[in-house]
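Reckoned from all heavy atoms, side chains included, excluding hydrogens, waters and symmetry mates.
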Amino acid sequence: VQLQASGGGLVQAGGSLRLSCAASESTFSSGTLGWFRQAPGKEREFVAGKRWSFGTTAYATSVKGRFTISKDNAKKMVYLQMNSLKPEDTAVYYCAFTTRNLIYSSLSSRAEYENWGQGTLVTVSS
């Protein structure tokens with residue numbers, strides 16, 4: 001499975017961006033997809049994750065209420081809608097996928113995802 005994240009860019013604080021994650025095949029009807037980010041000099045961290053069966057969803061505390069993960073099966077795309085952006089949201093964002101249906105407590109674990117896309121840079125100016 002090849003993944004490609006896109007949609008990053010420069011935005012002012014308070015603004016919005018929608019990131020997209022495209023898959024090379026129709027993999028998003030099941031399994032689990034996650035969004036992670038890595039700021040300069042920091043570890044890659046969990047942002048959001050969704051197991052498509054049962055709709056199990058998790059968000060990092062720092063983005064809860066501002067970010068939303070969704071998908072379009074017909075387009076084989078998964079989205080991360082980011083609203084009320086803050087300078088601390090500045091990072092390279094990555095989408096990741098596993099064919100397994102992760103339980104809620106595992107959604108945030110990088111080790112659970114075996115497929116990773118190239119990142120897309122989001123820069124939020126103050």
Side-chain angles (χ1 to χ4, degrees):
V1 178
Q2 291 185 333
L3 305 172
Q4 179 64 55
S6 61
L10 175 64
V11 63
Q12 288 188 329
S16 298
L17 278 176
R18 188 179 75 163
L19 303 184
S20 301
C21 179
S24 58
E25 55 191 80
S26 297
T27 57
F28 295 151
S29 59
S30 62
T32 307
L33 187 126
W35 285 97
F36 292 78
R37 67 186 181 187
Q38 188 165 18
K42 294 188 177 181
E43 294 279 322
R44 190 171 299 186
E45 65 175 6
F46 171 75
V47 175
K50 192 173 184 76
R51 165 183 164 172
W52 303 120
S53 61
F54 304 116
T56 306
T57 309
Y59 294 95
T61 302
S62 59
V63 307
K64 197 172 294 184
R66 300 188 297 123
F67 290 14
T68 304
I69 188 171
S70 63
K71 68 170 179 172
D72 185 326
N73 281 334
K75 295 182 179 180
K76 294 186 287 186
M77 297 283 279
V78 175
Y79 304 103
L80 183 68
Q81 178 66 43
M82 307 187 296
N83 299 326
S84 303
L85 283 162
K86 305 175 181 179
E88 50 263 43
D89 294 319
T90 295
V92 177
Y93 284 72
Y94 300 88
C95 56
F97 179 76
T98 176
T99 55
R100 292 173 292 124
N101 296 315
L102 300 182
I103 59 175
Y104 180 83
S105 60
S106 296
L107 289 175
S108 61
S109 173
R110 287 181 297 173
E112 297 289 351
Y113 298 87
E114 61 267 16
N115 299 286
W116 290 80
Q118 291 182 317
T120 185
L121 176 62
V122 172
T123 303
V124 184
S125 62
S126 58

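In terms of the ring pair (Phe, Tyr, Trp, His ring centres under 6.0 Å) criterion, residue partners of F36 (sequence neighbours excluded) are, by chain and number, F46, Y113, W116. By the salt bridge (Lys or Arg N to Asp or Glu O under 4.0 Å) test, R100 pairs with E112, E114, sequence neighbours left out.
Both L33 and F67 are part of a single hydrophobic cluster, where members link through side-chain heavy atoms under 4.5 Å apart. There is no path of hydrophobic side-chain contacts, each under 4.5 Å, that joins L107 to W35. Side-chain heavy atoms closer than 4.5 Å link hydrophobic residues (I, L, V, M, F, W, Y) into clusters, and following such links, possibly through other members, connects L80 to W52. No continuous path of ILVMFWY side-chain contacts below 4.5 Å connects V63 to Y94, so the two sit in separate hydrophobic clusters.
The two residues R37 and S62 make their nearest non-hydrogen contact at NH2-OG, 3.4 Å. The two residues S16 and S84 have their closest heavy-atom pair at OG-N, 4.3 Å. In terms of heavy-atom proximity, L19 sits nearest to G8 at CD2-N, 3.6 Å. Between S125 and L10, the shortest heavy-atom distance links the atoms CB-CD1, 4.3 Å.
Between R18 and S20, the side chains place no donor N or O within less than 3.5 Å of an acceptor N or O (distance only, hydrogens not considered).
For the pair N115 (side chain) and T98 (backbone), a donor-acceptor distance under 3.5 Å is absent. Without hydrogens or angle criteria, T90 side chain to V124 main chain gives a donor-acceptor distance under 3.5 Å.
Within a 6.0 Å sphere centred on CD of Q4, heavy atoms belonging to other residues, nucleotides or ligands number more than 12.
Residue pairs meeting the salt bridge (charged side-chain N to carboxylate O under 4.0 Å, His left out) criterion with at least one member in residues 57-70, sequence neighbours excluded: R66-D89.
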